[in-house]
Amino acid sequence: MSSRHNQFDVIVIGGGHAGCEAALAAGRMGARTMLLTINLDHIAQMSCNPAIGGIAKGQVVREIDALGGEMGKNTDASAIQFRMLNRSKGPAVWSPRAQCDKVLYQRRMKLMVEREPNIFVHQAQAVEFLTGGGRVTGITTDFSESWQARAVVVCTGTFLRGVCHYGGKSFPGGRAGDVAAEALSASLLNTLELELGRLKTGTPPRVMGNTIDFSQMSKQVSDNTLHFSHWPDDVHAGGTIAPQDLPQKPCWQISSTAATRQIVLDNIEQSPMYNGRIQAIGTRYCPSFEDKVMRFPHHETHHIYLEPEGAFTDEYYLNGISTSLPTDVQWQMVRSLPGLEKATLARYAYAVEYDFVLPHQLHNSLAVIKWPNLFLGGQINGTTGYEEAGGQGIVAGINAARLAGGDCPPVVLGRDQAYIGVLIDDLVTKDITEPYRLFTSRAEYRLLLRQDNACRRLSKIGYDIGLLPQRHYCQVGELEQQLAEARGFLDDTKVSGQSLWRRLRTKELQLADIDELRGYGAEVRRQLEIEAHYEGYIEQEKNQAMSLQKLTEWKIPPGFAYDMPGLRNEARLKLQRIKPDTLAQVARIDGVTPSEIALLQVHIKRFRETAAANV
């Protein structure tokens with residue numbers, strides 16, 4: 001093998017949702033990239049629910065799209081139902097969600113990766129990291145081959161020492177039907193000396209549609225006019241199937257019964273989560289059905305949603321009844337549900353345990369503090385969900401490509417810029433003791449981070465780093481120009497001494513009443529209406545973000561020690577463990593007080609003055 005063939009700018013380990021976005025970002029930015037995965041046929045597999053988006057998650061998908069990523073376009077190309085959640089609430093928490101044809105989603109993303117000229121896809125299992133000079137220099141695989149790289153991105157999902165649990169039966173695996181990655185955990189622990197933990201997630205059973213009685217269920221239909229991507233012309237690029245060619249399919253809602261609850265109670269000792277077989281911590285906000293029964297005994301029933309797995313399959317996903325109980329108990333549980341009395345289980349539910357890297361060992365760029373050219377993205381950082389994985393993946397891929405291309409400064413998204421910034425900042429500053437899930441409530445600046453303005457917030461970043469094509473950035477520029485023109489008209493036009501903008505703010509006037517604005521598109525009118533109605537709150541959030549920015553500008557110098565008098569031991573230990581980059585990050589560490597932040601400001605200033613005097 002020639003030296004050219006085994007040398008890359010970036011190697012991405014893992015072909016899931018994080019790995020695909022990481023590889024595509026690096027490749028599109030010009031980095032010679034390898035995507036290494038255990039099974040090429042399972043690139044971008046939807047291992048759990050056949051859906052993209054949801055509360056806060058939909059915002060992340062729109063942000064990935066605005067930066068130049070693929071998840072939004074891939075969702076639109078494979079969507080069989082689209083809904084906007086939280087419409088009864090304010091626009092700050094509106095969240096898009098789409099049911100997808102999971103096979104089409106996976107196949108199209110695989111094609112996009114394969115068609116990227118700078119990406120070399122390769123099927124093998126990474127088993128060990130190669131190091132030298134304080135950096136990761138490459139990896140070896142189970143074929144005893146070595147691959148060299150300037151930067152490495154690890155996106156291993158649930159595969160690190162993964163174990164799948166079905167009641168009393170357990171099988172090694174990252175998911176049903178796929179082998180676990182055993183050796184790489186050992187290399188993370190022993191070669192790279194990183195601190196690992198163990199988490200648990202799970203998935204529900206799938207049933208065949210021809211055995212379901214839908215007449216007993218509540219129907220949920222699609223909002224047909226909606227979409228994720230800001231760039232619809234790219235959705236069916238390269239001859240892939242167009243969204244309008246896919247039949248739209250409804251979802252269905254039911255509630256579990258008292259009999260379902262009793263079946264769980266009668267068999268709880270057979271649950272690996274309750275008999276000690278599973279030691280890892282599960283997801284609090286997406287609990288197994290056993291957890292729902294045991295933790296909420298006052299609730300006799302729980303909502304369950306039947307979601308179609310695709311346009312060309314009859315399988316349905318039972319969202320809300322994830323379990324690791326034995327297979328015979330699963331049959332009883334499913335057949336105790338209304339409309340499922342004669343249901344046939346196509347696939348059993350199971351729980352999966354896996355290793356993850358405690359994310360306090362990362363910078364906000366997703367680079368590992370000990371290994372500056374190693375980046376981690378997705379569930380290896382303790383998160384859950386395709387969307388959180390994709391958001392981390394694109395950031396890790398961007399920063400790996402920038403480092404490989406000449407030590408360019410990393411792209412770090414702030415909490416006031418993106419939900420992706422909130423997600424990553426939470427990971428590196430909070431103690432992750434359970435799988436992390438993103439919610440709108442985690443974002444202090446929800447009105448600034450709406451799903452409808454993602455392209456306005458982030459497209460300049462994507463364009464400046466060479467990821468978002470110029471034609472897309474120009475479209476955002478045209479949108480901004482139209483908004484400025486329309487806003488100027490509203491400010492300058494007065495009726496009875498008041499501007500139209502003022503009347504719009506106080507809801508004395510509706511946009512539909514203004515003839516001069518009818519020539520503008522729906523997106524322009526929607527942005528104007530939101531900004532008018534919430535102008536005061538938006539300005540308040542902008543002022544709060546400016547205060548945060550002042551602390552962000554206080555960088556913590558390399559080599560800064562936290563041994564000053566006045567700093568409590570609790571705060572000192574947390575700061576030494578997390579190694580924050582800025583005082584803004586310090587302010588979000590639990591247990592550090594405002595007076596201690598002021599103390600750190602004084603000592604950082606002295607540290608800088610001493611360092612300057614010694615130059």
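Every value quoted in this text rests on a predicted model; they were computed, and no experiment measured them. In this chain, numbering begins with 1 at the start of the sequence shown. Only heavy atoms go into these numbers, but all of them, side chains included; no hydrogens, no water, no symmetry mates.
Side-chain atoms of H17 come within 3.5 Å of backbone N or O of Q45 as a donor-acceptor pair. For the pair R32 (side chain) and Q7 (backbone), a donor-acceptor distance under 3.5 Å is present. Looking only at distances, a side-chain donor or acceptor of E290 sits under 3.5 Å from a matching main-chain atom of S324. For the pair Q123 (side chain) and L40 (backbone), a donor-acceptor distance under 3.5 Å is present. The main-chain N or O of N118 is found under 3.5 Å from a side-chain atom of E116 such that the two form a donor-acceptor pair. N190 contributes a side-chain N or O that, together with a main-chain N or O of A186, makes up a donor-acceptor pair within less than 3.5 Å. Looking only at distances, a side-chain donor or acceptor of K430 sits under 3.5 Å from a matching main-chain atom of R588. The main-chain N or O of Y105 is never found under 3.5 Å from a side-chain atom of R107 such that the two would form a donor-acceptor pair. Of the possible donor and acceptor atoms, one in the side chain of Q330 sits under 3.5 Å from a partner among the backbone N and O of A349. The main-chain N or O of L583 is never found under 3.5 Å from a side-chain atom of K555 such that the two would form a donor-acceptor pair.
Taking the charged nitrogens against the carboxylate oxygens, K57 and E388 do have a contact shorter than 4.0 Å, which makes a salt bridge. Electrostatic pairing of D426 and R437 does not count as a salt bridge here, judged by no charged N lying under 4.0 Å from a carboxylate O. Taking 4.0 Å as the cut-off between side-chain N and carboxylate O, E315 and R347 count as a salt-bridged pair.
The shortest distance between side-chain heavy atoms of V163 and V352 does not fall below 4.5 Å. Residues V103 and T313 fail the side-chain proximity criterion, which asks for heavy atoms closer than 4.5 Å. Put simply, the side chain of F289 reaches to within 4.5 Å of the side chain of M333, judged on heavy atoms. Put simply, the side chain of L423 does not reach to within 4.5 Å of the side chain of V60, judged on heavy atoms. Considering only heavy atoms from C-beta on, N275 stays 4.5 Å or farther from E269 through its side chain. At a threshold of 4.5 Å between non-hydrogen side-chain atoms, the residues M294 and L265 count as touching. Under the 4.5 Å side-chain criterion, counting only non-hydrogen atoms from C-beta, H363 is not in contact with V428. Looking only at side-chain heavy atoms (C-beta outward), D9 and T33 stay at 4.5 Å or farther from each other.
How far CG of D355 is from OG1 of T156: 9.0 Å, rounded to the nearest 0.5 Å. Of the inter-residue distances, the one linking T191 atom OG1 with W371 atom CH2 reads 8.5 Å to the nearest 0.5 angstrom. For the atom pair NZ (K574) and CG (N569), the distance works out to 13.0 Å, reported to the nearest 0.5 Å. In this structure, the separation between CD1 on I432 and CZ on F356 is 7.5 Å, given to the nearest 0.5 Å. A distance of 11.0 Å separates CG in L160 from CG in L199, rounded to the nearest 0.5 Å. Taking CG from L325 and CD1 from I263, the interatomic distance works out to 10.0 Å, rounded to the nearest 0.5 Å.
Between the side chains of H165 and E353, a donor-acceptor pair is found at a separation under 3.5 Å. The closest side-chain donor-acceptor pair between R277 and S170 falls under 3.5 angstrom. Residues Y274 and N267 bring no donor and acceptor atom of their side chains to less than 3.5 Å of each other. For the residue pair Q379 and T384, no side-chain donor N or O sits within less than 3.5 Å of a side-chain acceptor on the partner. Looking only at atom types and distance, the side chain of S78 has no donor-acceptor partner in the side chain of D101 under 3.5 Å away. Remark: the R150 side chain and the Q148 side chain contain no N/O donor-acceptor pair separated by less than 3.5 Å. Inspection of the N399 and R402 side chains reveals no N or O donor paired with an N or O acceptor under 3.5 Å.
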Walk me through whether L318 and V207 qualify under side-chain contact (heavy atoms from CB on, under 4.5 Å). CA-CA 8 Å; L318 300 190; V207 300; 4.0 Å; yes
Open item on the list: For E182 and R161: C-alpha separation, side-chain torsions, deciding distance, then whether salt bridge (Lys or Arg N to Asp or Glu O under 4.0 Å) applies.
Closed with: CA-CA 5 Å; E182 299 286 349; R161 288 201 309 128; 5.5 Å; no
Yes or no on salt bridge (Lys or Arg N to Asp or Glu O under 4.0 Å) for E70 and R28, after CA distance, side-chain angles and deciding distance?
CA-CA 11 Å; E70 196 65 31; R28 289 169 175 173; 2.6 Å; yes
| request: Begin with the C-alpha distance, continue with both residues' side-chain angles, and end with the deciding distance and a verdict on side-chain contact (heavy atoms from CB on, under 4.5 Å) for D65 and M71. | output: CA-CA 7 Å; D65 186 68; M71 183 174 275; over 6 Å; no
| message | side-chain contact (heavy atoms from CB on, under 4.5 Å), that's the test. Do D425 and Q585 meet it? Break it down for me. | response | CA-CA 8 Å; D425 191 66; Q585 199 175 336; 4.1 Å; yes
Can E309 and Q99 be said to form a side-chain contact (heavy atoms from CB on, under 4.5 Å), step by step?
CA-CA 8 Å; E309 293 260 283; Q99 294 297 135; over 6 Å; no
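Residue M109 comes nearest to N74 through the heavy atom pair N-OD1, 3.3 Å, listed as atom of the first residue, atom of the second, then distance. Considering all non-hydrogen atoms of both residues, P308 and P50 come closest at O-CG, 3.6 Å. Here the closest non-hydrogen pair linking D581 and N364 is OD2-N, 3.9 Å. Residues I394 and G68 share a closest heavy-atom pair of CD1-C, 4.5 Å. Here the shortest heavy-atom pairing between C100 and I52 reads SG-CG1, 4.1 Å. Residues E307 and N319 approach most closely at OE2-ND2, 2.9 Å, considering heavy atoms.
Aromatic ring centres of Y348 and Y166: separated by at least 6.0 Å. Ring pair Y562/F560: centre-to-centre distance below 6.0 Å.
Results of the side chain to side chain contact (heavy atoms under 4.5 Å, CB included) test with I420 over R415, Q392, E63 single out E63 as the only residue that passes. Among T140, V152, V136, the one residue that satisfies the side chain to side chain contact (heavy atoms under 4.5 Å, CB included) test with L130 is T140.
The environment of NZ in K169 is sparse: at most 12 heavy-atom neighbours from other residues, nucleotides or ligands sit within 6.0 Å.
Using bins of under 30°, 30° to 60° and over 60° for the plane-to-plane angle, the ring pair F120/W147 lands in the tilted bin.
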